[in-house]
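One structure below.
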Amino acid sequence: MAMTGVLRPGHAQVRVLNLEEAVRFYRDVLGLVETGRDTQGRVYFKCWDERDHNSYIIREADSAGIDFFAFKVLDRATLDRLEADLRAYGLATERIPAGELLETGERVRFELPSGHLIELYAEKKAIGNGIPTVNPAPWHGAREHGIAPVRLDHALLYGPDIAQVQKIFTEVLGFYLVERVLTPDGNGNAAIWLSCSHKVHDIAFAEYPEKGKLHHCSFMMESWEQVLRAGDIMSMNKVAVDIGPTRHGVTRGCTIYAWDPSGNRFETFMGGYQPYPDFEPLTWTFDNFGQGLDYPQRKLHETFLTVVT
Ligand SMILES: [Fe+2]
């Protein structure tokens with residue numbers, strides 16, 4: 001098997017200000033599938049084409065933002081090995097018991113210098129995507145409900161010391177750097193895009209003075225037409241749109257950024273290219289950050305740099 005170690009983004013837990021308003025938004029506008037609720041009052045969702053029980057969890061709180069972002073690893077032995085590697089690197093880790101999140105096995109949690117809690121886990125119950133695994137149809141009715149992305153794809157997180165964050169992801173967790181934006185003086189990175197796979201990013205970070213901030217969780221659409229349809233549905237539902245539809249220069253992704261009712265930004269996107277770990281990372285100078293963000297308009301939107309939860 002070529003893919004070992006960290007496989008992919010697994011779940012994000014996001015705070016919302018009004019739970020039922022958020023449930024209506026994520027279920028009926030974004031078109032996620034509600035898969036459960038727990039005794040803490042958390043609500044669990046997955047995208048229609050995802051096979052594991054949950055990928056996006058919301059809980060009601062006084063402030064919006066992200067509690068943690070998690071990656072699924074190959075198996076329990078990989079989980080044990082990565083935890084040992086994190087400790088050997090000098091990071092404290094914590095084991096969250098199996099079942100603390102619905103249908104999810106034991107998790108290894110650690111805090112990045114950027115203030116974000118990252119989790120690794122090996123097991124989450126496969127409930128399927130509603131399509132048989134023998135002679136499967138390409139899609140089913142859930143694809144038509146709301147925006148209906150196919151999967152949780154990545155997150156962009158804002159916080160301090162992303163140079164150290166990059167070292168942890170590349171030297172301990174097996175990620176590689178795909179693209180970066182240099183700082184204005186050119187001596188460091190203002191933002192980094194990291195992959196554990198064949199995707200242009202599985203997670204990204206931007207340097208920011210405050211710890212633990214969420215810029216966006218991103219949901220993948222199947223086509224540019226589906227991104228435009230997402231924009232139609234946002235407007236029909238008076239969703240606050242930030243940027244787009246447009247194309248990023250960074251990653252080449254075609255995108256819309258918008259906000260949920262609590263002010264958490266999310267992205268519906270498609271496209272990009274398929275990097276491999278031997279590719280030389282692509283570099284953007286800070287004066288071209290506007291093209292990197294919004295290639296057609298060449299505009300470094302103020303909200304991109306300043307609005308986070
Ligand atoms: Fe994104």
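Bear in mind that the values here come from a model prediction, so they are computed numbers and not experimental data. Note that ligands are numbered from 1 as they come in the structure, with each ligand's atoms numbered from 1 the same way.
- The only option from Thr35, Asn54, Asp38, Thr104 that meets the side chain to side chain donor-acceptor pair (under 3.5 Å) definition with Tyr44 turns out to be Asp38.
- Metal site remark for the Fe ion (ligand 1): His201 contributes no N, O or S atom at a distance under 2.8 Å.
- Taking the N/O/S atoms of His154 in turn, the shortest distance to the Fe ion (ligand 1) belongs to NE2.
- At a cut-off of 2.8 Å, His248 does not coordinate the Fe ion (ligand 1) through any N, O or S atom.
- With Asp52 as reference, Lys72 is the one residue of Lys46, Arg151, Lys72 to meet the salt bridge (Lys or Arg N to Asp or Glu O under 4.0 Å) rule.
- Ring centroid separation for the pair His248 and Phe269 does not come in under the 6.0 Å cut-off.
- In terms of modelled atom types and a separation under 3.5 Å, the side chain of Arg59 and the main chain of Arg15 share no donor-acceptor contact.
- The Fe ion (ligand 1) has no N, O or S atom of Asp153 closer than 2.8 Å.
- Geometrically, Arg252 engages Tyr273 in a cation-pi contact defined by less than 6.0 Å to the ring centre and at most 45° from the axis.
- Within Glu267, the N/O/S atom positioned nearest the Fe ion (ligand 1) carries the name OE1.
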